[in-house]
Number of protein chains: 2
Amino acid sequence: MELYNLLDGWIALYRFEQQGRRQILDFALPGSFIGFEPDFSRALLHGAECITDVSVCVFPKSGFHELMESHPPLSRRLLYLISRDKMIAQDHLTNVGSRSAQARIAHLLLSLHIRATQTDGTRETSIPLTQNHIADALGLTTVYVSQTLKRLREQNLLIFKAGKLEILEPDALADIAEFDHLLLV
Amino acid sequence: MELYNLLDGWIALYRFEQQGRRQILDFALPGSFIGFEPDFSRALLHGAECITDVSVCVFPKSGFHELMESHPPLSRRLLYLISRDKMIAQDHLTNVGSRSAQARIAHLLLSLHIRATQTDGTRETSIPLTQNHIADALGLTTVYVSQTLKRLREQNLLIFKAGKLEILEPDALADIAEFDHLLLV
DNA sequence: CGGGTGTTTGAATAATGTCAAACCGAGTGG
DNA sequence: CCACTCGGTTTGACATTATTCAAACACCCG
């Protein structure tokens, strides 16, 4: 079992569930640090799907704690990354647990847009997901995601097509997404 | 802003949402370490409600990093706790995102039962939540939680009443909860 | 006895899932 | 250049799940 630093590409991290369902927990973007589990000896709890071609930097777990303890800044950095993951998971939970399908989709796309560009400026971002990824991340059905994206398109809020997101009305979109600007990651 | 170690009692950690909804992110049980945020300077992202009377051990954030870096075992312990929180958040997300109301409720009660007792033995546990807490944690309505608990009762799976959980058929319950025994926290 | 919080009930409604079929565009082999 | 396949998307009709609203109930506490 190893740890990875994702250098390029997108990866979906998910849990297997019964009856053909799966829950996507997070999308790893370049810079993400993945594979760390609270208990090293445990079986791996999630699967990973490469959404695009990826390149990673892999390093072994052996000697990991020693490395951390002899390099405090590294240790502090790791703590920061993991606690940010925790916050992202809680954002995701809030999204799935308390918003309508339309708000959920808008919210997810908005936050991926921000994570993908780290700037609010550009109007079109590459978000290489299929509608099926969105459905699995948000606890919805693929067909309902399709219908909801259509509604968002007809309201002139956004266009999501072929892995490209175009935001037409940022303010109105943030509004229906119930997007809290304090949460900018 | 301080950090807390919960010595006794239950606390609900939640996010405020618009239109009167709130999302409960986690229940803190005795032993939980709460108040740690990835970025110390940020506004606090969640609220906390004491479900029972509580007693906490509070200590200030100032000098926190220095303390960590001069005590590696402490640092390692904190990393463990935070990454376990991350895992709990992802379990919760999986529960809300991919299961029916009945399975969700059964799953939540089962995992709280385990966290509360740390032993599978006892048949009746104190889980001092109202149905409203359950609803807010699972993205459901209070009335639907009530109806679903009734169904669970009628199937002779569990009885949840006045803050006490009684598990009648552990195996059948774990089954409809889609409970994965590998996930025992 | 009265008021408050939490729970239960029922009926009507809205949101989302299911199933099945058609469609669309990109890549592939003839 | 065409026909095919394949993954992904769209559509429509219908079933199910969960929400909403409103009222009654139950229980504890003062």
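Every value quoted in this text rests on a predicted model; they were computed, and no experiment measured them. So that the names make sense, note that chain A is the first sequence line, chain B the second, and so on, each numbered from 1.
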Next on the checklist: C/dT8, OP1 or OP2 - any side-chain N/O from B/Arg153 closer than 4.0 Å?
Outcome noted: yes
Next on the checklist: Using a 4.0 Å heavy-atom cut-off, does A/Thr142 contact any base of the nucleic acid, only the sugar-phosphate backbone, or nothing at all?
Outcome noted: nothing
Checklist entry - To the nearest angstrom, how far is B/Leu149 atom CG from C/dT7 atom P? => result 9 Å
Checklist entry - Rounded to the Å, how far apart are B/Ile51 CD1 and C/dT5 C1'? => result 16 Å
Checklist outcome for this item: A/Lys161 NZ to C/dA26 P, in whole Å, measures 10 Å
Checklist outcome for this item: Picking from D/dA22, C/dA20, C/dT7, the nucleotide nearest the side-chain atoms of B/Val143 would be D/dA22
Next on the checklist: Please classify the nucleic acid contact of B/Leu140 as base, sugar-phosphate, or nothing, using heavy-atom distances under 4.0 Å.
Outcome noted: sugar-phosphate
Next on the checklist: Whether B/Lys150 contacts C/dT9 is assessed here as follows: a side-chain N or O lying under 4.0 Å from the phosphate OP1 or OP2. Is that the case?
Outcome noted: yes
Checklist entry - Please give, in whole Å, the distance from D/dC27 P to B/Lys164 NZ? => result 17 Å
Checklist entry - Under 4.0 angstrom, heavy atoms only, what part of the nucleic acid is B/Gly163 near: base, sugar-phosphate, or nothing? => result nothing
Item to check | Short side-chain N/O contact to D/dT11 OP1/OP2 from A/Ser146, under 4.0 Å | outcome: no
Checklist entry - Touch check for A/Thr141, heavy atoms < 4.0 angstrom, all strands: base, sugar-phosphate only, or nothing? => result base
Item to check | Integer-rounded Å distance: C/dT7 C1' and B/His133 NE2 | outcome: 15 Å
Checklist outcome for this item: A/Arg151 CZ to D/dT10 P, in whole Å, measures 14 Å
Checklist entry - Please give, in whole Å, the distance from C/dG6 P to B/Gln147 CD? => result 19 Å
Item to check | Carboxylate-amine/guanidinium contact A/Arg22 A/Glu49, below 4.0 Å | outcome: yes
Next on the checklist: Do the side chains of B/Arg115 and B/Asp26 get close enough for a salt bridge, i.e. N-O under 4.0 angstrom?
Outcome noted: yes
Checklist entry - Which nucleotide in the list C/dG17, C/dG10, C/dG6 gets nearest to the side chain of A/Arg21? => result C/dG17
Checklist entry - Do you know the tightest heavy-atom contact between B/His46 and B/Tyr14? => result CB-O, 2.9 Å
Checklist entry - Between A/Arg15 and B/Asp91, is any pair of side-chain heavy atoms under 4.5 Å apart? => result yes
Next on the checklist: Using whole Å, what does the distance between atom P of nucleotide C/dG17 and atom CG of A/Asp136 come to?
Outcome noted: 11 Å
Item to check | Atom CZ of A/Arg77: over 12 foreign heavy atoms under 6.0 Å | outcome: no
Checklist entry - So, is B/Gln131 near the phosphate of C/dT8, with a side-chain N or O under 4.0 Å from OP1 or OP2? => result yes
Checklist entry - Looking at B/Tyr144, does any N or O in its side chain come under 4.0 Å of the phosphate oxygens OP1/OP2 on D/dT19? => result no
Checklist entry - Looking at the side chain of A/Ala101, which of D/dA22, C/dT16, D/dA18 is the nearest nucleotide? => result C/dT16
